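Everything quoted here is computed from the prediction, not taken from an experiment.
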Amino acid sequence: MKKTFMYSLGVVLYALLALSWISDRDNIQKRSRILAGDSSSSKKISAGKLISPDLFGIFFEDLSYAADGGLYAELIQNRSFEYNPADRKDWNPFTAWEYTTQGNGYGTISVQTAAPLSVNNLHYVVLNVEEEGIEGVGLTNSGFDGIVVRAGEQYNFSVFVRQLSGESMPIQVKLQSKKGTVYGEAAFSTLSKDWKKYTATIIAAQSDDSARLVIVAKAKGKIALDVVSLFPQKTFKNRTNGLRADIAQAIADLKPKFMRFPGGCLVHGDGLGNIYRWKNTIGPVEQRTEQRNIWNYHQSVGLGYYEYFQFCEDIGAKPVPVLAAAISCQNSGRTRGTGQRALPMNEMEAYIQDVLDLIEYANGPVTSTWGAKRAKAGHPKPFNLQYLGVGNEDKITPEFKDRFKLIYDAVRVKYPEITLVGTVGPAPSGEDYEQGWKLADQLAIPVVDEHYYEKPEWFLRNNQRYDTYDRSKSKVYIGEYASRGNTLFNALAEAVYMTALERNGDVVKMASYAPLIARQNHASWNPNLIYFSNTAIAPTVNYYVQQLFSTNQGDRYYSNIVSFSDGEGVRDSTLAASFVRDSKTGDLILKLVNAGRTASQAKVNLAGFGSINPKASRAILTGTPETGNTFVNPGHVIPQTSGFVVGKSFLYDVPPYSLTVIRIKTNDDPKASH
Ligand code: AHR
């Protein structure tokens, strides 16, 4: 009895001792949170951990008018008269167009499909001029909520016309105001009974944010018109069929290491017939197959696979195209999770061939079938495709698994050099996540795509998510994430998380915020990284966080550099730091995030590094947590940069609600590893 009592007392004492030791340890850790290890060491530090050189990139989806009416610089809406009620109930081939007659002319317009310009582009307009009057009879396009023209700028107009009856027709094209003031015009005469392309350059004499394009015929007769197009000559990098320069530049300024495209749900589509087929999006624009957009509008696919690859090259981003896994979106038919459809097995061979052909299109020699098409489009050199996504947050059903495996095996056999990216569902946990990872383990998929849209607190709470990921398994691409808001606090929660992505850059290979861009008043999804209107760009605070990280990436991560001594245990998840080195420049890059309301102090110890230049640069993003950027005040919360003096060891006062990036030049050989 006595023995048992003594034994129990011993157990209790031991437990109390252990508890007090644990609580002591916690208190010490809380008092001096060593975020990147022990900062007291002055010995030469280890080589650092190799992290992904492709960590921060972008994800472009044709969502919220990101392509047509957005990045794609075409100014004419519904240029091919292909809009229809399947896109949106009240749409038809005349959406954004109206019948126009000035003076006392009259005639009719109708939509026809016989002998089209291309079988892929069936609808065209027949203009029947019965009496041309003084000004002619024709059509007016109002663009995407108006056409923006700038005084002195040149615009490339083109149209396909077929003469149906009468003699050669004089055609006049005008850029004019809503009320009819003409800013610039061009004229030509039709010649051909077959479809023929006519082009003209129009110079705008005045600026207008809401101009119209008017095209009128000035003689009796009948003509067919299709693909009426107007581009500013100044597109991004002056490319024809190009991109809106200001939006493209804002994206380029992120210096993304990669670009995932052309979408998420858009890719696997609203039902099998709506799967995004890359082959429909290449070649001459008038021969591409337009289609309904799952986001309730229309895709001209003028911004198609060729243009996506070209854009990636232009901004130095590795292309990461995503193809459907021969499975439609589980939310197809506007269901919530049960609308997944699978392509019949007897169609899989052809589908897989399409997948393989994409790789040939991107990388094949000009002598190959698909490489030749790329060359014909103007790019004989390969696009150097390295990554290919298959599937987008699909429901991991038996149908999905079977089809994914077939595609995966075929790609591995024919193109073992391609890194295939699989998918593990739409959430950070749950059935699809579990099943997706199980499949990834079974097949040893090189990279899997995780998605999550969560509250900022989730990002703060979960910043250790990848610390325990098994390094021997598939690597992770966080293809879509966002903290459901565009305030500074949201952006800082994301910044805290991004320091963890750097820390785990050995297992997290890539990450991209989503969605990237959205047109003002047409957003099908919020929040986004960049908002735009016809005339302006409003990058969010989240954009500047992404930019600070992506323009300050490294390829080695170092522990044992930073510690915080704020004496507040409760603040663990709002304070974060990371420290990387960029081998190309030899620069050391420190990121400090404080998503909390109390200032802190960081101790930085660079003793393990060789000679450093004390004149560093600093960018700091800070403000009131609930504010953000708007069209009215787009520069409300933006990074401020300045010089900053550092030493081998220094203290840094970390302001509340801030992200600081300090970039330090070293006098070392950039190639030397520490
Ligand atoms: O980014 C918006 C959408 O979110 C994507 O299309 C889809 O993959 C996800 O559900």
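Remark: side-chain polar atoms of Asn78 are paired, donor with acceptor, to backbone N or O of Pro93 under 3.5 angstrom. Not one N or O on the side chain of Arg212 forms a donor-acceptor pair closer than 3.5 Å with the backbone of Lys178. Under a 3.5 Å cut-off, the side chain of Trp278 and the backbone N or O of Val355 do not form any donor-acceptor pair. For the pair Thr540 (side chain) and Ala538 (backbone), a donor-acceptor distance under 3.5 Å is absent. Under the 3.5 Å distance criterion, the side-chain polar atoms of Asn141 are matched with a main-chain donor or acceptor of Ala96. Checked by atom type and distance alone, the side chain of Arg88 pairs as donor or acceptor with a backbone atom of Asn296 at under 3.5 Å. Of the possible donor and acceptor atoms, none in the side chain of Tyr543 sits under 3.5 Å from a partner among the backbone N and O of Asn528. A side-chain donor-acceptor contact under 3.5 Å links Glu82 to the backbone of His123. With hydrogens and angles disregarded, no donor-acceptor distance shorter than 3.5 Å links the side chain of Asn392 to the backbone of Gly263. In this structure, the side chain of Ser64 engages the main chain of Ser524 through a donor-acceptor pair within 3.5 Å.
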Take Glu313 and His379 through the side-chain hydrogen bond (donor to acceptor under 3.5 Å, both in side chains) test and state the conclusion after the steps.
CA-CA 11 Å; Glu313 186 176 88; His379 203 284; 2.8 Å; yes
Evaluate side-chain hydrogen bond (donor to acceptor under 3.5 Å, both in side chains) for Glu185 paired with Gln172, printing each intermediate quantity in order.
CA-CA 7 Å; Glu185 57 189 303; Gln172 192 182 21; 2.4 Å; yes
Are Ser328 and Gln340 close enough, and set up right, to give a side-chain hydrogen bond (donor to acceptor under 3.5 Å, both in side chains), and what steps lead you there?
CA-CA 5 Å; Ser328 73; Gln340 186 187 75; over 6 Å; no
Decide yes or no on salt bridge (Lys or Arg N to Asp or Glu O under 4.0 Å) for Asp208 and Arg150, but give the supporting numbers first.
CA-CA 7 Å; Asp208 187 342; Arg150 290 288 168 257; over 6 Å; no
Evaluate side-chain hydrogen bond (donor to acceptor under 3.5 Å, both in side chains) for Tyr65 paired with Asp68, printing each intermediate quantity in order.
CA-CA 6 Å; Tyr65 282 71; Asp68 294 308; over 6 Å; no
Show, in sequence, the C-alpha distance, side-chain angles and deciding distance for Lys237 and Glu307, and conclude whether the salt bridge (Lys or Arg N to Asp or Glu O under 4.0 Å) test is met.
CA-CA 12 Å; Lys237 307 246 176 213; Glu307 291 76 22; over 6 Å; no
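In this model, no donor atom of one side chain and acceptor atom of the other lie less than 3.5 Å apart for Gln291 and His298. Side-chain polar atoms of Asn629 and Tyr531 form no donor-acceptor pair below 3.5 angstrom. Between Asn542 and Gln546, the side chains place no donor N or O within less than 3.5 Å of an acceptor N or O (distance only, hydrogens not considered). A side-chain N or O of Trp295 and one of Glu61 form a donor-acceptor pair less than 3.5 Å apart. Side chains of Gln77 and Ser142: no donor on one and acceptor on the other come within 3.5 Å. Checking Asp394 against Thr423 by side-chain atom types alone, no donor-acceptor pair falls below 3.5 Å.
In terms of the side chain to side chain donor-acceptor pair (under 3.5 Å) criterion, residue partners of Asn156 (sequence neighbours excluded) are, by chain and number, Gln233. When the side chain to side chain donor-acceptor pair (under 3.5 Å) test is applied to Ser158, no partner is found at least two apart in sequence or on another chain. Taking the side chain to side chain contact (heavy atoms under 4.5 Å, CB included) definition, one finds that Ala205 meets it with nothing, sequence neighbours left out.
Surrounding NZ of Lys279 are more than 12 heavy atoms belonging to other residues, nucleotides or ligands, all under 6.0 Å away. Counting non-hydrogen atoms of other residues, nucleotides and ligands closer than 6.0 Å to CD of Glu167 gives a total of 12 or fewer.
Proximity of Gln249 to Phe236: side-chain heavy atoms (C-beta onward) are separated by under 4.5 Å at one or more points. Taking the side chain as every heavy atom from C-beta outward, Leu343 and Leu272 approach each other to under 4.5 Å. Using a 4.5 Å cut-off on side-chain heavy atoms (C-beta onward), Ile418 and Tyr387 make no contact. Looking at heavy atoms from C-beta onward, Tyr297 lies in side-chain contact with Asp62 at the 4.5 angstrom threshold. For the pair Val173/Val214, no side-chain contact is recorded, criterion being any heavy-atom separation below 4.5 Å from C-beta on. Using a 4.5 Å cut-off on side-chain heavy atoms (C-beta onward), Leu71 and Ile517 make contact. With contacts defined as side-chain heavy-atom distances shorter than 4.5 Å, the pair Ser533/Phe631 qualifies. Taking the side chain as every heavy atom from C-beta outward, Tyr155 and Ile203 never approach each other to under 4.5 Å.
Between Val322 and Gly391, the closest heavy-atom pair is CG1-O, 3.5 Å. Taking all atoms of both residues into account, the shortest heavy-atom contact from Tyr544 to Pro539 is OH-CG, 3.7 Å. Across all their heavy atoms, Ala248 and Leu243 have their closest contact at CB-CB, 4.3 Å. In terms of heavy-atom proximity, Phe231 sits nearest to Asn241 at CZ-OD1, 3.5 Å. Across all their heavy atoms, Ile147 and Leu75 have their closest contact at CG1-O, 3.7 Å. The two residues Gln287 and Asn120 have their closest heavy-atom pair at O-ND2, 2.6 Å.
The distance from atom OG1 of Thr535 to atom CD of Gln520, rounded to the nearest 0.5 Å, is 8.0 Å. Here CD of Glu360 is found 12.5 Å from CG of Leu385. Values are rounded to the nearest 0.5 Å. Interatomic distance, CG of Asp314 versus CE of Met259, reported as 10.5 Å (0.5 Å rounding). Atom OH in Tyr305 sits 8.5 Å away from atom OH in Tyr308 (nearest 0.5 Å). Interatomic distance, Asp145 CG to Asp209 CG, rounded to the nearest 0.5 Å: 12.0 Å. Atom CG of Leu323 sits about 8.5 Å away from atom CG of Asp354, to the nearest 0.5 Å.
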Would you mind writing out the side-chain donor-acceptor pairs for residues 220-230 within the sub-3.5 Å range, not counting sequence neighbours?
residue	atom	partner	partner atom	Å
Lys220	NZ	Glu132	OE1	3.3
Ser229	OG	Glu74	OE1	2.7

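The ring of Tyr106 has its center no closer than 6.0 angstrom to the ring center of Tyr99.
Screening residues 188-202 for side-chain hydrogen bond (donor to acceptor under 3.5 Å, both in side chains) gives Gln163-Thr190 as the qualifying pairs, with residues at least two apart or on separate chains. Residues in residues 361-375 take part in these side-chain hydrogen bond (donor to acceptor under 3.5 Å, both in side chains) pairs, two or more places apart or across chains: Asp357-Trp370.
The side-chain tip of Arg162 points at the ring of Tyr124 from less than 6.0 angstrom away and within 45° of straight on.
We find that Glu480 and Arg260 are joined by a salt bridge, their nearest charged nitrogen and carboxylate oxygen being less than 4.0 Å apart. Comment: Arg79 does not engage Glu286 in a salt bridge, judged by the lack of any side-chain N to carboxylate O separation of less than 4.0 angstrom.
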